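One structure is given here, and the rest of the page talks about it.
Every heavy atom of this structure was used, including side-chain atoms; hydrogens, water molecules and symmetry mates were not. Here the structure is a predicted model, which is why all the values come from computation and not from measurement.
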Amino acid sequence: MRTKTYVGGFLASVVLGLLLLWLRSRFAANPLVMVLAPMNNSAWEMSKLVFWPYLGGALVIWRGTAAGASRGGHCMLLLLMPLVTVLAGWLCHLGGSYLWAAVLAAGIALYAAVLRKKVWGGELLWYTLAILLGIAYILFSVLPPIGGPFTDPADVAAMATIPY
C-alpha cells in the first residue's frame with residue numbers, strides 16, 4: 001500500500017534528522033558533522049535537517065512506489081522544502097524549532113498528491129539544481145555568510161541586551 005511507503009519515508013527522514021541533531025551535540029567539531037548537521041539555530045542551518053535526511057526518506061519512498069514515479073519530484077522537493085524552512089524560520093524567527101519535521105510531512109504529502117507524476121522541466125533540471133543546493137550547503141558550512149537567514153537568533157538576542 002502506498003500510504004505505508006510515504007509514512008515510512010517520513011519516519012526515515014525524521015529519524016535521520018534526529019540522528020543529525022544527536023551527532024551535532026556529540027561531535028560538533030567533526031568536519032563531516034559540521035556539513036551535515038546544523039551548527040547553530042539559524043534558518044539556513046536548520047534547513048539542513050530537511051535536505052540531508054530527505055535523501056534517505058526519498059530512497060525509501062522511491063523503492064516503495066510503482067515504476068514510473070517521478071524521481072524529479074524528489075529533487076524538486078529537495079529544493080522546495082529547505083527553501084520553505086529557511087523562509088519560515090527566518091521570517092517567523094523559528095530557529096531551533098521542529099519546523100523541519102512539519103515541512104518534511106507537508107513535502108512528502110505534496111509528493112504523494114502531485115509531484116510523483118512527471119514534473120515540469122524534466123528530471124535532469126531538478127537533479128542539477130538539487131546537486132547545486134547540496135554544494136551550497138557544503139560551501140556555506142565551510143565559509144558561512146553573515147546576516148539574514150544565516151544569522152543565529154541567539155546571537156541577535158545576545159546583541160539586543162548590550163546597552164548603548
How many angstroms lie between CH2 in W52 and CG in L19, if you round to the nearest 0.5 Å? 14.5 Å

Would you please test W62 and H74 for side chain to side chain contact (heavy atoms under 4.5 Å, CB included) and show each step? CA-CA 9 Å; W62 178 67; H74 289 297; 4.1 Å; yes

Considering all heavy atoms of both residues, which atom of S47 and which atom of T85 are nearest to each other, and what is their separation? CA-CG2, 3.8 Å

Would a distance-only check, ignoring hydrogens and angles, find a side-chain to backbone donor-acceptor pair under 3.5 Å from K48 to M39? no

So how far is it from S13 OG to W100 CH2, rounded to the nearest 0.5 Å? 8.5 Å

How far apart are the closest heavy atoms of G107 and L77, and which atoms are they? O-CD1, 3.2 Å

Between L16 and L20, does the side chain to side chain contact (heavy atoms under 4.5 Å, CB included) criterion hold? Intermediate values first, please. CA-CA 6 Å; L16 288 171; L20 287 178; 5.8 Å; no

Shared ILVMFWY cluster between M81 and F140, side chains joined below 4.5 angstrom? yes

Please test W22 against F27 for side chain to side chain contact (heavy atoms under 4.5 Å, CB included), starting from the C-alpha separation and ending with a verdict. CA-CA 8 Å; W22 177 78; F27 307 103; 4.2 Å; yes

State plainly whether one hydrophobic cluster holds both V15 and V7, where clusters connect Ile, Leu, Val, Met, Phe, Trp and Tyr through side-chain heavy atoms under 4.5 angstrom apart. no

Given the rule that I, L, V, M, F, W and Y join up when any side-chain heavy atoms are under 4.5 Å apart, are L18 and V33 in one cluster? yes

Taking every non-hydrogen atom, the tightest pair across G57 and A12: CA-CB, 4.3 Å

Atom pair CZ/CG of F51 and L83 - distance to nearest 0.5 Å: 13.0 Å

ILVMFWY network linking L124 to M76, side-chain heavy atoms under 4.5 angstrom: no

Apply the test side chain to side chain contact (heavy atoms under 4.5 Å, CB included) to residues L11 and Y6: give CA-CA distance (whole Å), side-chain angles for both, the deciding distance (0.1 Å), then the verdict. CA-CA 9 Å; L11 291 176; Y6 296 121; over 6 Å; no

Separation between OG1 (T5) and CZ (F10), nearest 0.5 Å, reads 15.0 Å

If hydrophobic clusters are built by linking Ile, Leu, Val, Met, Phe, Trp and Tyr wherever their side-chain heavy atoms come under 4.5 Å apart, do I108 and V14 end up in the same one? yes

Considering all heavy atoms of both residues, which atom of N40 and which atom of M46 are nearest to each other, and what is their separation? O-SD, 3.8 Å

Nearest-0.5 Å distance, CG of residue L132 to OG1 of residue T128: 7.0 Å

Answer yes or no: is there a donor N or O on one side and an acceptor on the other, between the side chain of R24 and the main chain of P38, under 3.5 Å? yes

Rounded to the nearest 0.5 Å, what separation is found between the CG atom of L49 and the CG atom of L36? 10.5 Å

